K.L.:
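Sharing a structure here in structure tokens format.
Given the structure is predicted, the values throughout are model-derived calculations rather than measurements.
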Amino acid sequence: AYSLLGWSYTANGDYSNGYKNLIKAIELDPNLASAYINLGLWYQKQGEIEEPKENYLKSYELDPNGPVGNLAGERYNEIVTNPEVSQQ
């Protein structure tokens, strides 16, 4: 629930609450792939490049054959091939 809440705050531009909830999700379950992909998005919204890649890679490693891992892999590849995407 914290991962989803963090994503929701992030998507709505409330980055402070987004970050707090995503970190809480990871504290409660460090193997939750969705928390890492959402944290990657949070970093991406901040205009970062390396942090989103690290989080997308972690998400992919945790769910390599699932939908979250697949999306994380796509986002990782998108940043690697087009770093300007991180600014969006």
Side-chain angles (χ1 to χ4, degrees):
Y2 284 103
S3 178
L4 183 58
L5 188 57
W7 170 82
S8 178
Y9 278 124
T10 299
N12 286 298
D14 186 345
Y15 300 117
S16 177
N17 281 317
Y19 185 79
K20 289 176 192 174
N21 282 281
L22 293 169
I23 295 303
K24 182 69 172 179
I26 291 170
E27 287 174 0
L28 292 172
D29 186 354
N31 295 314
L32 184 62
S34 67
Y36 291 98
I37 195 172
N38 291 335
L39 187 57
L41 176 64
W42 186 90
Y43 279 115
Q44 198 171 350
K45 294 277 188 182
Q46 308 308 305
E48 301 291 334
I49 294 175
E50 291 306 314
E51 289 84 357
K53 288 190 327 190
E54 292 171 13
N55 282 280
Y56 293 151
L57 183 58
K58 178 72 173 180
S59 179
Y60 177 79
E61 290 170 348
L62 291 169
D63 188 36
N65 298 311
V68 172
N70 288 335
L71 181 57
E74 289 173 16
R75 288 185 180 175
Y76 177 89
N77 289 334
E78 191 173 68
I79 288 176
V80 168
T81 59
N82 187 11
E84 297 84 40
V85 114
S86 192
Q87 304 296 317
Q88 300 173 2

K.L.:
Taking C-beta and beyond as the side chain, do V68 and S59 meet within less than 4.5 Å on heavy atoms?
P.N.:
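They are in contact (side-chain heavy atoms under 4.5 Å apart), so the answer is yes.
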K.L.:
Nearest 0.5 Å, what's the OG-CH2 distance between S34 and W7?
P.N.:
11.5 Å
K.L.:
Mark yes or no for whether D14, through its side chain, and Y9, through its backbone, hold a donor-acceptor pair below 3.5 Å.
P.N.:
no
K.L.:
How long is the straight-line distance from OH of Y19 back to CD of Q46, given to the nearest 0.5 Å?
P.N.:
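Nearest 0.5 Å value for the CD-OH distance: 10.0 Å.
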K.L.:
Determine whether the side chains of Q44 and Y56 contain a donor N or O and an acceptor N or O closer than 3.5 Å.
P.N.:
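A donor-acceptor contact under 3.5 Å links the two side chains.
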K.L.:
Would you say N55 and I37 make side-chain contact, with heavy atoms under 4.5 Å?
P.N.:
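No, every pair of side-chain atoms sits at 4.5 Å or beyond.
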K.L.:
To the nearest 0.5 Å, tell me how far N17 CG sits from T10 OG1.
P.N.:
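Rounded to the nearest 0.5 Å, the CG-OG1 separation comes to 9.5 Å.
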K.L.:
Which value, rounded to the nearest 0.5 Å, describes the distance between K20 atom NZ and Y2 atom OH?
P.N.:
12.5 Å
K.L.:
Is the shortest side-chain N to carboxylate O distance from E50 to K53 below 4.0 Å?
P.N.:
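Looking at K53 together with E50, the answer is yes, because their closest N to O distance falls below 4.0 Å.
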K.L.:
Do L62 and W42 share a hydrophobic cluster (ILVMFWY, side-chain heavy atoms under 4.5 Å, transitive)?
P.N.:
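Same cluster.
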K.L.:
Report yes if the side chains of S3 and L32 come closer than 4.5 Å at any heavy-atom pair, otherwise no.
P.N.:
yes
K.L.:
On a heavy-atom basis, which atom in I79 and which in P52 lie closest, and how many Å separate them?
P.N.:
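Answer, listing the atom of I79 first, then P52: CD1-CB, 3.6 Å.
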K.L.:
Under the side-chain contact (heavy atoms from CB on, under 4.5 Å) criterion, do L39 and I23 qualify, and how do the steps go?
P.N.:
CA-CA 8 Å; L39 187 57; I23 295 303; 4.2 Å; yes
K.L.:
Nearest 0.5 Å please: distance from the OH atom of Y76 over to the NZ atom of K58.
P.N.:
14.5 Å
K.L.:
Please say which of L22, I26, L4 ends up in a side-chain contact (heavy atoms from CB on, under 4.5 Å) with N38.
P.N.:
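Filter result, single survivor: L22.
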K.L.:
Between Y15 and Y36, is there shared hydrophobic-cluster membership here, with clusters defined by ILVMFWY side-chain heavy atoms closer than 4.5 Å?
P.N.:
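Same hydrophobic cluster.
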